[in-house]
Amino acid sequence: MADQTYQRINKLTERLLGGGKMSVEEGGWMIRLADQYLSSLMAGADRLRRTFRGNDIEACAISNIRSGNCSEDCTFCSQSAHHDGQAPTYNYIPVENVATQARKARSWGTTDLGIVSKGWGVRSDKEREQMREYLNALKGSSDIGRCASVGVLDKETAIDLKNMGLENYHHNLETAESFFSNICTTHSFQENIDTLKHARDAGLKVCSGGILGMGENLDQRVELAETLRDLEIDSVPLNFLVPQKGTPLENITPMAPMEILKTIAVYRFMLPQAEIRIAGGRPFLRDLQSMVFMAGASAVMIGDYLTTNGRQVEDDLQMLKDLGVVVRGDTQKRRKSVCSNAA
Ligand code: SF4
């Protein structure tokens, strides 16, 4: 039985290396494998990562330009006005702060800085002007890639942002469609998908993933991966829930380290050619943090996240050095290669 399982993992790896794909049923089988198979799974995931993305990894960072009092009711989020979360509340931070953050992030080797804002897109003229100022500041700061994550977008706003100089748009699907109503009721899963479409149609590269460990079942983790594959998302951030005090999910037990690694590996098998980017929740891996790359991750977000603190950047950079992994710092190359199918 054990031999057959190892053989099946190897066969799947070979099929994907040859350009094939893994079915949802196979994903469901894989995500249920016992921990004893994790090393074999990771060996396959590592081969896929090295073949399709190379051994270097990509790093990005974010700047939370406004926080708290959000109209949306996402159950995991401490910024929602619907819950009793503890996230700080502030309006737009000074433009100079974003430029400073961009220069700092670039000095770490990150290729992109994402400007992130709570809530529902950019609706008013004032919000549009503010976005223009931030994007001008990013352009003036360095050659760092210009990314934004400002919620649900309509077609016109996506075009406006592109014309302002935005390059990439990040918008997570958050979770599987079949679980989404448990996570958010103030906007729909379809609106998330439409947002990605509008961004892509406007000529922006798109980045979309989700948060795992919010109470979804194993099949729903695979379902999200399949949806991202169907949408041909090339840059997939994975977060692992950090339960936030005062939110409906505050008492959820965080995913265990081995479960996180297995999930990353399954995403690499489901999305063999994608940039799989590890973001929030890395601390739950404890001593196993450096193993995310062997499990198939090819990118990492460094610095602080939205409502949770990241690791010290120096520790992350040392970890990468110890692994012999180079951070791809070439923004021009990234502009040409990453998310190319989303262009
Ligand atoms: S995840 Fe975004 S949209 Fe949802 S409550 Fe938090 S800030 Fe608002």
Side-chain angles (χ1 to χ4, degrees), residues 60-93 98 113-124 127 130-131 134 147-154 157-158 161 166 168-177 179-196 198-199 206-216 224 227-228 233 236-252 254 277-281 301 303-310:
C60 65
I62 57 171
S63 171
N64 200 11
I65 54 175
R66 107 180 135 150
S67 171
N69 206 20
C70 179
S71 60
E72 305 306 289
D73 67 352
C74 310
T75 52
F76 57 85
C77 184
S78 59
Q79 293 195 64
S80 170
H82 297 254
H83 322 311
D84 234 353
Q86 320 274 307
T89 298
Y90 54 83
N91 215 331
Y92 291 115
I93 62 172
V98 171
L113 184 83
I115 47 177
V116 183
S117 166
K118 59 151 189 171
W120 191 279
V122 180
R123 288 178 142 175
S124 66
E127 287 169 326
Q130 192 66 55
M131 287 302 290
Y134 284 131
C147 179
S149 181
V150 291
V152 175
L153 287 184
D154 59 23
T157 310
L161 289 172
L166 187 68
N168 311 314
Y169 197 72
H170 164 266
H171 187 75
N172 276 345
L173 296 182
E174 308 300 12
T175 190
E177 183 171 15
F179 193 65
F180 189 78
S181 61
N182 297 81
I183 295 302
C184 181
T185 63
T186 45
H187 61 267
S188 67
F189 194 79
Q190 188 58 47
E191 282 173 305
N192 288 340
I193 291 190
D194 291 346
T195 294
L196 294 171
H198 295 323
V206 296
C207 173
S208 180
I211 306 176
L212 300 154
M214 297 197 289
E216 74 285 351
L224 174 61
T227 304
L228 293 164
I233 304 294
V236 176
L238 296 183
N239 298 268
F240 304 96
L241 180 73
V242 181
Q244 298 290 299
K245 203 161 180 287
T247 65
L249 302 189
E250 71 173 321
N251 294 319
I252 283 209
R277 186 181 305 275
I278 306 304
M301 185 183 285
D304 285 341
Y305 307 120
L306 274 190
T307 55
T308 60
N309 295 329

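Counting starts at 1 for both ligands and their atoms, in listed order.
A side-chain N or O of N192 and one of H171 form a donor-acceptor pair less than 3.5 Å apart. Judged by distance alone, the side chains of T186 and E72 do bring a donor and an acceptor atom under 3.5 Å apart. Side chain to side chain, N69 and T89 fail the donor-acceptor criterion of an N or O pair below 3.5 Å.
In summary, no N, O or S atom of C74 is located under 2.8 Å from atom 6 (Fe) of ligand 1. For residue C184, no N/O/S atom approaches atom 4 (Fe) of ligand 1 to within less than 2.8 Å.
A distance-only check finds no donor-acceptor pair linking the side chain of S63 to the backbone of V98 [under 3.5 Å]. Counting only distance, with no hydrogens or angles, the side chain of Y90 and the backbone of G68 share no donor-acceptor pair below 3.5 Å.
Atoms of ligand 1 found under 4.0 Å from any heavy atom of C70 (numbered from 1 in listed order, with element): 3 (S), 5 (S), 7 (S), 8 (Fe). Near C77, meaning under 4.0 Å from one of its heavy atoms, ligand 1 places the atoms 1 (S), 5 (S), 6 (Fe), 7 (S). For ligand 1, the atoms closer than 4.0 angstrom to any heavy atom of F76 are 1 (S). Of all atoms in ligand 1, numbered sequentially from 1 with element shown, those under 4.0 Å from a heavy atom of K118 are 7 (S).
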